[in-house]
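All values reported here derive from a predicted model rather than from experimental measurement. By convention here, the first residue in the shown sequence is residue 1.
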Amino acid sequence: MKIATWNINGVKARIDNLTQWLKDSDPDIVCLQEIKTIDEGFPRLEIEALGYHVETHGQKGFNGVAILSKSSPSEVNRGLPGDALDEQARFLEAVFTLPDTRILRVCCIYLPNGNPVETEKYPYKLAWMERLRSFAAERLAYEEMLVLAGDYNVIPEPHDCFDPKVWENDALFLPQTREAFRRLENLGLTDAVRATTDATRLYSFWDYQAGAWPKNNGIRIDHLLLSPEAADRMTSAAIEKHVRAWEKPSDHVPVIAYFDFAA
């Protein structure tokens, strides 16, 4: 099974890229972030025509997440628990029952950016990360296959960006941000990409400005974090960076992992 995460940066603007990628890459489950549309505005028919079931948690103009899957989930939950007043559409959970009746939980995450750090946006980011840690701890207690996939807006380590000096005062790379990410990982989660390679200059995002893409001046902020049960069944992981060179691209590219759930 192939599971992917991709910040699409506007699903309507990238629908041609998305449908082409679905045909080429043929993922089984896809977590999309920044769909930037209400649920009713999502281009559902184009995706369903390719054989995918669609679940969305949308918001007008910004944010918004979606899960596309070749099989229908048995349960869907919208919104990250822990703050009843939080109206931002950043979290979607889908539960799949595999043929042998085992459970696979896939969560689509669009973690807050947090910039500018001197505003209320950064405390919101850290609070959101703590809510995610509490949620993950609860789900890990189920001892099921769990995939937390999404745009985390976190650069975990210096080698995950082209120049740490450029990012040292950014909410994506501040020590408090990376510490919160490590607390999440330390629950027992595995970073799919880093479990397979220690390569440097391996990125999932390149800014549209200053020739970042041709210079490979990127950052790695899109991650799949796996429970022990899921990590045991992962066979490989990769970043499909070629998509960044397409016409009208997102500034992010898909990050994927393969699993052998028959094991």
Side-chain angles (χ1 to χ4, degrees), residues 1-6 8 11 18 22 25-33 35 37-59 63-82 84 86 88-111 131-151 184 187-190 192 223-235 237 254-263:
M1 179 180 286
K2 183 178 185 178
I3 300 178
T5 182
W6 189 8
I8 196 68
V11 69
L18 176 58
L22 289 171
S25 189
D26 195 31
D28 296 282
I29 300 174
V30 183
C31 295
L32 296 177
Q33 301 85 40
I35 61 173
T37 179
I38 59 174
D39 296 336
E40 294 79 6
F42 191 91
R44 178 180 300 269
L45 294 180
E46 293 92 326
I47 307 302
E48 291 176 341
L50 298 176
Y52 286 91
H53 178 90
V54 177
E55 294 288 345
T56 60
H57 181 36
Q59 187 172 346
N63 296 335
V65 288
I67 296 178
L68 320 179
S69 55
K70 290 184 176 179
S71 61
S72 300
S74 56
E75 178 184 337
V76 176
N77 299 300
R78 292 171 173 81
L80 181 65
D86 185 2
Q88 296 193 28
R90 295 182 173 275
F91 184 88
L92 181 62
E93 177 187 38
V95 181
F96 300 89
T97 304
L98 301 179
D100 61 2
T101 73
R102 286 182 297 173
I103 295 297
L104 167 65
R105 291 182 182 269
V106 178
C107 298
C108 182
I109 292 162
Y110 179 41
L111 204 146
R131 285 163 56 199
L132 179 60
R133 192 196 65 79
S134 296
F135 170 87
E138 177 186 305
R139 289 295 189 258
L140 285 166
Y142 295 168
E143 298 185 348
E144 297 170 340
M145 291 172 288
L146 171 68
V147 179
L148 301 174
D151 175 2
L184 177 62
L187 292 173
L189 295 166
T190 296
H223 311 298
L224 292 93
L225 299 186
L226 315 177
S227 69
E229 294 78 12
D232 283 347
R233 292 164 176 80
M234 185 183 73
T235 57
V255 180
I256 62 98
Y258 287 94
F259 300 86
D260 181 4
F261 288 131

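Residues forming a salt bridge (charged side-chain N to carboxylate O under 4.0 Å, His left out) with E144 (at least two apart in sequence, or on another chain): R105. Y110 meets the ring-ring contact (aromatic ring centres under 6.0 Å, His included) test with no other residue; sequence neighbours excluded. By the side-chain contact (heavy atoms from CB on, under 4.5 Å) test, T235 is found to be paired with Y258, D260, residues two or more places apart in sequence or in another chain being considered. Residues satisfying the side chain to side chain donor-acceptor pair (under 3.5 Å) criterion with E143, sequence neighbours excluded, are absent altogether. For F135, the ring-ring contact (aromatic ring centres under 6.0 Å, His included) test picks out F91, with sequence neighbours left out. In this view, D39 satisfies the salt bridge (charged side-chain N to carboxylate O under 4.0 Å, His left out) rule with no residue, not counting sequence neighbours.
No side-chain heavy atom of M1 sits less than 4.5 Å from a side-chain heavy atom of R233. By the 4.5 Å heavy-atom criterion applied to side chains, K2 and S25 are counted as neighbours. Proximity of D26 to K70: side-chain heavy atoms (C-beta onward) are separated by under 4.5 Å at one or more points. Between L226 and F259, the closest side-chain pair of non-hydrogen atoms falls below 4.5 Å. Within the 4.5 Å cutoff, the side chain of D100 has no heavy atoms near those of the F261 side chain. Using a 4.5 Å cut-off on side-chain heavy atoms (C-beta onward), I35 and V65 make no contact. Counting heavy atoms from C-beta on, the side chains of L68 and L22 come closer than 4.5 Å. For the pair D86 and L80, the minimum side-chain heavy-atom distance is 4.5 Å or more.
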Derivation and outcome, side chain to side chain contact (heavy atoms under 4.5 Å, CB included), residues R139 and L148: CA-CA 11 Å; R139 289 295 189 258; L148 301 174; over 6 Å; no

Worked verdict on I109 versus L225 for side chain to side chain contact (heavy atoms under 4.5 Å, CB included): CA-CA 11 Å; I109 292 162; L225 299 186; over 6 Å; no

Salt bridge (Lys or Arg N to Asp or Glu O under 4.0 Å) between R102 and E229, worked out: CA-CA 11 Å; R102 286 182 297 173; E229 294 78 12; over 6 Å; no

Criterion side chain to side chain contact (heavy atoms under 4.5 Å, CB included) on T37 and T56, from CA distance to verdict: CA-CA 10 Å; T37 179; T56 60; over 6 Å; no

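With values rounded to the nearest 0.5 angstrom, F42 atom CZ is found 5.5 Å from L32 atom CG. To the nearest 0.5 Å, atoms CG (L92) and SG (C107) are separated by 8.5 Å. Taking CZ of R78 as the reference point, atom CD of E93 lies at 11.5 Å (rounded to 0.5 Å). A distance of 8.0 Å separates CE in M145 from OG in S227, rounded to the nearest 0.5 Å. For the atom pair S71 OG and Y52 OH, the distance stands at 11.0 Å (nearest 0.5 Å). Note that CG of L18 and CD1 of I8 are 4.5 Å apart. Values are rounded to the nearest 0.5 Å.
Closest of all the heavy-atom pairs between T5 and D151 is OG1-N, 4.3 Å. In terms of heavy atoms, R90 sits closest to H57 at N-CD2, 4.2 Å. Contact between A230 and L146 at its shortest, heavy atoms only, is CB-O, 3.6 Å. The nearest pair of heavy atoms linking I29 to L104 is CD1-CD2, 3.9 Å. Scanning both residues, V76 and P73, for their nearest heavy atoms gives CG2-CG, 3.6 Å. The two atoms that bring R133 and L187 nearest to each other are O-CD1, 3.5 Å, heavy atoms only.
Here the side chain of Q33 pairs a donor or acceptor atom with the backbone of C31 at under 3.5 angstrom. Looking at S74, its side chain does come within 3.5 Å of a backbone N or O of V95 through a donor-acceptor pair.
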